[in-house]
There are 2 protein chains.
Amino acid sequence: MTYTIKQAAEKSGLSIYTLRFYDKEGLLPFVARNQSGYREFTDGDLNLIHTICCLKNTGMKISAIRTYIDDVMAGPQTVDHRRELLTAHRDAVLENQRQVAENLKGIDFKLALYEDPNALALVQAERDLAEQEKRANHLENPYAVH
Amino acid sequence: MTYTIKQAAEKSGLSIYTLRFYDKEGLLPFVARNQSGYREFTDGDLNLIHTICCLKNTGMKISAIRTYIDDVMAGPQTVDHRRELLTAHRDAVLENQRQVAENLKGIDFKLALYEDPNALALVQAERDLAEQEKRANHLENPYAVH
DNA sequence: ATAAACCCTCGACAATACTCTAGGGCAACT
DNA sequence: AGTTGCCCTAGAGTATTGTCGAGGGTTTAT
């Protein structure tokens with residue numbers, strides 16, 4: 001059993017446009033065509049597309065995904081390289097998750113301010129300080145209400 | 001004490017280009033100019049830029065960051081709106097982290113295959129299956145070695 | 001007072017990842 | 001045979017986020 005591009009789009013969550021775009025970019029060399037030139041997607045193809053989505057959704061660039069797919073097409077002798085690629089990507093993703101968590105702390109800090117029962121006064125004080133800093137440096141006050 | 005754009009770039013980790021770009025996009029209305037038209041960054045400005053970076057680094061779009069900055073400029077009466085914005089963003093970030101973790105599982109699954117002592121045979125079997133699927137559907141075999 | 005190192009704006013260019021249109025073929029149903 | 005609804009390619013268009021060059025003014029040190 002095979003799937004048309006429309007069905008493959010539904011199953012993968014990608015748009016038809018995106019599937020064709022990925023094909024153009026060399027991400028889907030494993031998708032065969034029928035005699036009319038139509039793409040026919042197998043279940044195995046959809047599995048591989050799922051892997052592509054995992055890589056894409058974790059921030060891998062299309063050019064890098066292509067390198068991985070090239071390895072897949074080249075055959076089992078590329079497993080070492082594939083492992084290196086995925087391990088490096090995995091590390092990058094974890095590092096990124098760490099960075100995001102770190103930056104989220106900065107946001108939570110602001111949120112705590114806004115959630116404080118005394119938020120209005122605290123924010124006003126913050127603003128006063130900023131305005132004072134501008135004055136101290138003989139700068140125009142961008143916070144002034146006109 | 002104030003900072004030139006170069007110093008602000010060093011302190012913030014953004015490039016001079018990016019700072020000017022952010023200013024152009026309305027993200028830095030709080031940065032004052034001196035009499036020569038040069039930007040002068042205060043410590044308060046750098047604090048706010050740090051918050052902008054936290055938002056950017058967690059995936060907030062510039063247009064959304066601008067909405068937040070507009071609130072900041074408007075005054076303390078916008079704290080409720082700011083809180084809503086940041087809370088919504090925080091939820092989106094956590095949801096995204098969850099999605100990334102989920103997709104990472106798919107990658108780890110592949111990695112486990114490549115890390116198996118018997119990886120070569122397993123990958124070969126995977127490939128055999130894919131080829132067989134193509135044959136069963138009377139499709140050309142894209143895996144064939146030419 | 002002149003060179004070096006900054007700063008400015010404006011607008012072009014670039015990279016990434018789609019998204020869509022035009023023009024045309026194919027398949028199924030009536 | 002015609003209509004409908006798919007499929008195809010090529011290439012243009014879009015959105016986002018920078019990055020850079022040209023042309024010109026400013027500041028600092030010598």
Side-chain angles (χ1 to χ4, degrees), chain A residues 2-29 31-42 45 49 52-69 89 92 96 99 103 137-140 142, chain B residues 1-29 31-42 45 49 52-69 89 92 96 103 137-140 142:
Chain A
T2 63
Y3 309 93
T4 64
I5 195 170
K6 189 182 186 186
Q7 294 168 323
E10 282 161 6
K11 288 215 161 207
S12 67
L14 300 172
S15 75
I16 290 176
Y17 298 137
T18 300
L19 281 171
R20 286 205 270 246
F21 169 68
Y22 282 0
D23 199 3
K24 215 187 305 189
E25 293 296 305
L27 261 47
L28 313 180
V31 176
R33 305 291 184 109
N34 65 20
Q35 289 181 324
S36 300
Y38 290 16
R39 293 171 186 86
E40 287 199 18
F41 294 78
T42 63
D45 292 347
I49 288 171
I52 288 172
C53 287
C54 286
L55 294 172
K56 185 203 68 163
N57 294 339
T58 51
M60 187 181 275
K61 284 186 186 174
I62 284 180
S63 57
I65 299 177
R66 190 185 162 153
T67 302
Y68 173 72
I69 294 296
H89 178 61
N96 186 263
Q99 293 283 345
N103 282 285
N137 288 293
H138 315 294
L139 297 169
E140 285 200 7
Chain B
M1 206 263 177
T2 63
Y3 308 93
T4 65
I5 195 169
K6 189 182 187 188
Q7 293 168 323
E10 282 161 6
K11 287 216 162 206
S12 67
L14 300 173
S15 75
I16 290 176
Y17 299 137
T18 300
L19 282 171
R20 287 205 269 246
F21 170 67
Y22 283 1
D23 199 4
K24 214 188 305 191
E25 293 297 305
L27 260 49
L28 312 180
V31 175
R33 306 293 185 107
N34 65 20
Q35 288 180 324
S36 301
Y38 289 17
R39 294 171 185 86
E40 287 200 19
F41 295 78
T42 62
D45 292 347
I49 288 172
I52 288 172
C53 287
C54 286
L55 294 172
K56 185 205 68 164
N57 293 339
T58 51
M60 187 180 277
K61 284 188 184 172
I62 284 180
S63 56
I65 299 177
R66 192 189 158 149
T67 301
Y68 173 73
I69 294 295
H89 178 60
N96 185 264
N103 281 286
N137 289 292
H138 315 292
L139 297 168
E140 286 201 6

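Each chain gets a letter, A, B and so on, in the order the sequences are listed, and its residues count up from 1.
- Closest heavy-atom contact between B/L139 and A/R33: CD2-O, 4.0 Å.
- Of all nucleotides in DNA chain C, those with any atom nearer than 4.0 Å to a heavy atom of chain B start and finish, going 5' to 3', at C/dC6 to C/dG11.
- Whole-Å rounding puts the A/Y17 OH to D/dC7 P distance at 12 Å.
- Within residues 52-67 of chain A, the residues that have a heavy atom under 4.0 Å from DNA chain C are, in order of number, A/K56, A/K61, A/I62.
- Note: CD (B/E25) to P (D/dT16) measures 10 Å, nearest angstrom.
- Remark: A/R39 is not in phosphate contact with D/dC7, judged by side-chain N or O atoms under 4.0 Å from OP1 or OP2.
- Rounded to an integer number of Å, the gap from B/F21 CZ to D/dG18 P is 6 Å.
- The separation between A/Y3 atom OH and D/dC6 atom C1' is 19 Å, rounded to whole Å.
- Expressed to the nearest 0.5 Å, how far NE2 of B/H89 lies from CG of B/L55 amounts to 5.5 Å.
- Following rounding to the nearest Å, B/L19 (CG) and D/dG18 (C1') show an atom-to-atom distance of 12 Å.
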Heteroatom pairs (N/O) under 3.5 angstrom, protein to nucleotides 12-14 of chain D:
none

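- Across every non-hydrogen atom of A/Q7 and A/T4, the tightest pair is OE1-N, 2.9 Å.
- With values rounded to the nearest 0.5 angstrom, B/I5 atom CD1 is found 8.5 Å from B/L28 atom CG.
- Between B/I65 and B/K56, the shortest heavy-atom contact is CD1-N, 3.8 Å.
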Output, in order, the C-alpha distance, side-chain angles, deciding distance and verdict of side-chain contact (heavy atoms from CB on, under 4.5 Å) for A/I49 and A/Y22.
CA-CA 10 Å; A/I49 288 171; A/Y22 282 0; over 6 Å; no
Identify the pairs formed between an N or O of the protein and an N or O of nucleotides 27-30 of chain D at a distance under 3.5 Å, and give each distance.
unit_1 : atom_1 : unit_2 : atom_2 : d
D/dT27 : OP1    : B/S36  : OG     : 2.4

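- Per the geometry, OH belonging to B/Y22 stands 14 Å off P belonging to D/dT16, to the nearest Å.
- Judged by distance alone, with hydrogens and angles left aside, the side-chain atoms of A/N137 form a donor-acceptor pair with the main-chain N or O of B/M1 at under 3.5 Å.
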Identify each donor-acceptor pair in which a side-chain atom of residues 13-21 of chain A lies under 3.5 Å from a protein atom, sequence neighbours left out, and give them as a table.
unit_1 : atom_1 : unit_2 : atom_2 : d
A/S15  : OG     : A/Y17  : N      : 3.4
A/S15  : OG     : A/T18  : N      : 2.9
A/S15  : OG     : A/T18  : OG1    : 2.9

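- Identified under the side-chain hydrogen bond (donor to acceptor under 3.5 Å, both in side chains) test for residues 59-68 of chain A, with sequence neighbours left out: A/Y68-B/Y114.
- A/D45 approaches A/E40 most closely through the heavy-atom pair OD2-O, 3.7 Å.
- Note: CG (A/D23) to P (D/dC7) measures 14 Å, nearest angstrom.
- Shortest non-hydrogen contact noted between A/V31 and A/F41 is CG2-CE2, 3.8 Å.
- Crowding of A/E140 atom CD: a count of heavy atoms from other residues, nucleotides or ligands under 6.0 Å not exceeding 12.
- If you check every strand for non-hydrogen atoms under 4.0 Å, A/R20 touches a base.
- Using modelled atom types, no side-chain atom of B/N96 and backbone atom of B/A92 make a donor-acceptor pair closer than 3.5 Å.
- In this structure, A/P142 and B/P29 approach most closely via the heavy-atom pair CB-O, 3.4 Å.
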